[in-house]
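So that the names make sense, note that chain A is the first sequence line, chain B the second, and so on, each numbered from 1. Quantities reported herein were computed from a predicted structural model and do not represent experimental measurements.
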Number of protein chains: 2
Amino acid sequence: MSNKREKTRHLLLDTVLSLLLAPEGSPLRMIDVAKAAGVTRQTVYAHFSNRSEMLIAAILHFGDQLDIDDRLAPSRAAPDGRSRLTAYTRAMLEFFPAIYPLKQSLMRMGGSDEEAKSAWEDRIRAMKEGCAAAVRALKSDGVLLDHLSEARATDLYFTLLNMDGWAHCVLENGWPEADYLAEMQRVTHLALVKP
Amino acid sequence: MSNKREKTRHLLLDTVLSLLLAPEGSPLRMIDVAKAAGVTRQTVYAHFSNRSEMLIAAILHFGDQLDIDDRLAPSRAAPDGRSRLTAYTRAMLEFFPAIYPLKQSLMRMGGSDEEAKSAWEDRIRAMKEGCAAAVRALKSDGVLLDHLSEARATDLYFTLLNMDGWAHCVLENGWPEADYLAEMQRVTHLALVKP
DNA sequence: TTTTAACTTGACACAGTGTAAGATTTTAAG
DNA sequence: CTTAAAATCTTACACTGTGTCAAGTTAAAA
């Protein structure tokens with residue numbers, strides 16, 4: 001059995017993430033990854049055939065570390081639509097601080113990595129699926145606003161929960177996270193739920 | 001007088017924009033710009049000392065073509081806070097279709113162009129200044145929600161007006177623009193204004 | 001018509017990606 | 001402990017794109 005290969009791969013992915021999440025948005029050259037992992041550039045290529053593939057693997061690896069299911073449990077366990085909406089909103093905003101730096105790093109990287117971005121978007125789509133579930137719960141409780149279809153309500157909810165808005169308020173303008181959460185709870189309920 | 005230089009510069013900027021706004025998000029190499037403009041790569045460097053500078057110039061040039069002042073006139077002319085909010089929201093959403101492709105292109109480009117991005121963000125900041133003005137008008141009418149400071153209300157309004165949300169609903173999910181506008185009007189009023 | 005600015009031509013140095021092949025170390029199994 | 005295979009290292013190369021340079025050519029304003 002070749003345990004070493006797995007270990008090195010793991011080390012490389014951890015290294016990529018640590019560089020990606022580092023405060024100075026480095027260009028992330030292959031040589032940087034190699035050096036930081038204490039390995040040769042060619043070894044990196046032995047594990048990932050090019051940068052895109054490496055980034056995709058790193059994104060997936062990152063997702064694995066996030067124990068999404070656990071954090072979403074309260075939302076799934078909510079007894080009714082309104083509380084499910086509340087719980088899901090809270091869960092999402094709790095993800096943002098961890099996720100946002102990675103998003104920034106990916107955005108700062110060349111458009112050559114189209115596939116890496118689509119791997120990222122897969123993760124985001126999963127987030128939206130949660131929005132849809134919350135909206136469904138509202139609908140089946142009969143508390144979803146009448147003029148909103150489920151699809152529209154999902155889009156709208158997803159739009160309101162945007163990470164850039166969170167970053168703008170919390171990171172750039174110093175809102176306490178609790179305040180931002182409170183506003184989002186207020187606004188999402190107003191936007192979606194019957195009074 | 002050397003009129004030719006100005007003309008060439010103008011041609012180059014138009015070319016950059018047309019490539020940037022083209023459906024296929026090309027990598028925008030200097031040689032692409034040169035060829036598309038019918039000019040040598042060296043000529044491009046004679047006008048802009050590097051790619052960042054070229055992109056910045058293109059962004060500013062783009063802004064100039066947008067006759068922002070005219071489009072914002074209705075908002076400035078609004079007789080009261082509520083109608084100013086409505087007018088500004090409409091004006092912003094009318095900008096989005098023109099602006100969004102450029103934003104996408106810039107985002108798809110390497111982090112090497114840090115300065116280009118900050119030129120972009122200057123434009124965005126101007127947008128936010130408009131949000132602040134609308135919020136001030138609400139405040140002075142006494143219809144701004146009591147729990148919101150002007151700063152907080154501005155951040156919140158700006159957050160709700162995010163372009164990615166617009167793109168998500170209108171471009172990706174086929175909302176008619178009028179529907180999106182209507183929802184935004186509804187939500188922003190609920191979020192900011194006393195009932 | 002001249003002169004000069006603008007543009008062209010053809011070269012170069014540099015950085016980063018991705019490939020290749022042989023030498024060396026490490027690992028796991030006998 | 002030995003050995004064969006796997007993983008890594010070393011060195012080298014081809015390729016693309018950026019940015020620079022210097023001399024030659026075209027076109028515009030005087």
Side-chain angles (χ1 to χ4, degrees), chain A residues 1-16 19-20 22 24-59 61 105-117 119, chain B residues 1-16 19-20 22 24-59 61 105-117 119:
Chain A
M1 117 190 182
S2 72
N3 188 7
K4 190 182 187 187
R5 190 174 169 79
E6 260 317 296
K7 274 196 172 172
T8 303
R9 183 189 159 91
H10 213 273
L11 168 65
L12 286 173
L13 291 177
D14 285 343
T15 304
V16 169
L19 292 178
L20 235 32
E24 340 79 35
S26 50
L28 197 68
R29 296 164 302 178
M30 300 304 262
I31 186 91
D32 295 330
V33 175
K35 273 187 178 166
V39 134
T40 312
R41 196 168 67 93
Q42 279 58 28
T43 296
V44 180
Y45 279 106
H47 285 265
F48 313 103
S49 64
N50 53 46
R51 187 153 89 234
S52 283
E53 204 176 298
M54 183 182 75
L55 288 173
I56 292 167
I59 291 166
H61 187 234
S105 299
L106 291 174
M107 290 299 157
R108 279 185 214 295
M109 305 203 29
S112 40
D113 304 293
E114 212 52 53
E115 307 161 42
K117 257 168 218 170
Chain B
M1 122 184 183
S2 73
N3 189 8
K4 190 182 187 186
R5 188 174 170 82
E6 260 316 296
K7 274 198 174 172
T8 303
R9 183 190 158 90
H10 213 274
L11 168 65
L12 286 173
L13 291 176
D14 286 343
T15 304
V16 169
L19 292 178
L20 235 32
E24 340 79 35
S26 50
L28 196 68
R29 295 165 303 178
M30 300 303 264
I31 187 90
D32 296 328
V33 175
K35 273 187 178 167
V39 134
T40 312
R41 197 168 66 93
Q42 281 61 28
T43 297
V44 180
Y45 280 106
H47 285 265
F48 314 101
S49 64
N50 53 46
R51 187 154 89 231
S52 283
E53 204 176 299
M54 183 183 73
L55 288 173
I56 293 169
I59 292 166
H61 186 235
S105 300
L106 291 173
M107 290 297 157
R108 279 186 212 294
M109 305 203 29
S112 40
D113 304 293
E114 212 51 54
E115 307 160 42
K117 258 168 218 170

Please determine whether a side-chain nitrogen or oxygen atom of A/R51 lies at a distance below 4.0 Å from atom OP1 or OP2 of C/dG18.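 A/R51 to C/dG18 OP1/OP2: no side-chain N or O under 4.0 Å.
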
Side chain to side chain contact (heavy atoms under 4.5 Å, CB included) partner of A/L12, chosen from A/H47, A/K7, A/M54: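 Of the listed residues A/H47, A/K7, A/M54, the side chain to side chain contact (heavy atoms under 4.5 Å, CB included) partner of A/L12 is A/H47.
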
Applying side chain to side chain contact (heavy atoms under 4.5 Å, CB included), can you list everything that pairs with [X], at least two apart in sequence or on another chain?
X      : value
B/A116 : B/L55, B/I56, B/I59, B/D113
B/S105 : B/L20
B/H10  : B/D14, B/H61

For a 4.5 angstrom cut-off between non-hydrogen side-chain atoms, does B/E53 reach B/N50?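 Heavy-atom side-chain distance check passes, below 4.5 Å.
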
Report the residues that fulfil side-chain hydrogen bond (donor to acceptor under 3.5 Å, both in side chains) with B/Q42, sequence neighbours left out, ordered by chain and then residue number.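 Listed in chain order: nothing, the list is empty.
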
Between [atom2] of [N] and [atom1] of [X], the distance in whole Å:
X     : N      : atom1 : atom2 : value
B/M30 : D/dT18 : CE    : P     : 7 Å
B/N3  : D/dA30 : CG    : P     : 11 Å
B/I31 : C/dT8  : CD1   : P     : 11 Å
A/H10 : D/dA7  : NE2   : C1'   : 18 Å
B/K7  : C/dC7  : NZ    : P     : 12 Å
B/K4  : D/dA29 : NZ    : P     : 10 Å
B/D32 : D/dT16 : CG    : P     : 14 Å
B/R5  : C/dT8  : CZ    : P     : 13 Å

Considering only residues two or more places apart or on different chains, which pairs with a residue in residues 27-46 of chain A satisfy salt bridge (Lys or Arg N to Asp or Glu O under 4.0 Å)?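 For residues 27-46 of chain A: A/R29-A/D32.
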
Scan residues 35-50 of chain A against DNA chain C and write down, sorted by residue number, each residue with any heavy atom closer than 4.0 Å; if none is found, say none.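 When residues 35-50 of chain A is checked for heavy atoms under 4.0 Å from DNA chain C, the hits, listed by number, are A/R41, A/Q42, A/Y45, A/S49, A/N50.
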
Nucleotide nearest B/R29 (side chain, heavy atoms from C-beta), chosen from C/dG16, D/dT18, D/dA7: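 From the listed options, D/dT18 comes nearest.
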
Using 0.5 Å steps for rounding, measure from the CZ atom of B/R5 to the OG1 atom of B/T43.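 With rounding to 0.5 Å, CZ (B/R5) is 10.0 Å from OG1 (B/T43).
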
Looking at every non-hydrogen atom in both residues, tell me the closest pair between A/T15 and A/L11 and how far apart they are.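 Answer, listing the atom of A/T15 first, then A/L11: OG1-O, 2.7 Å.
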
Difference in axis direction between the ends of the helix from C/dT1-D/dA30 to C/dG30-D/dC1, five pairs, 10°: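 That helix gives 20° between its end axes.
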
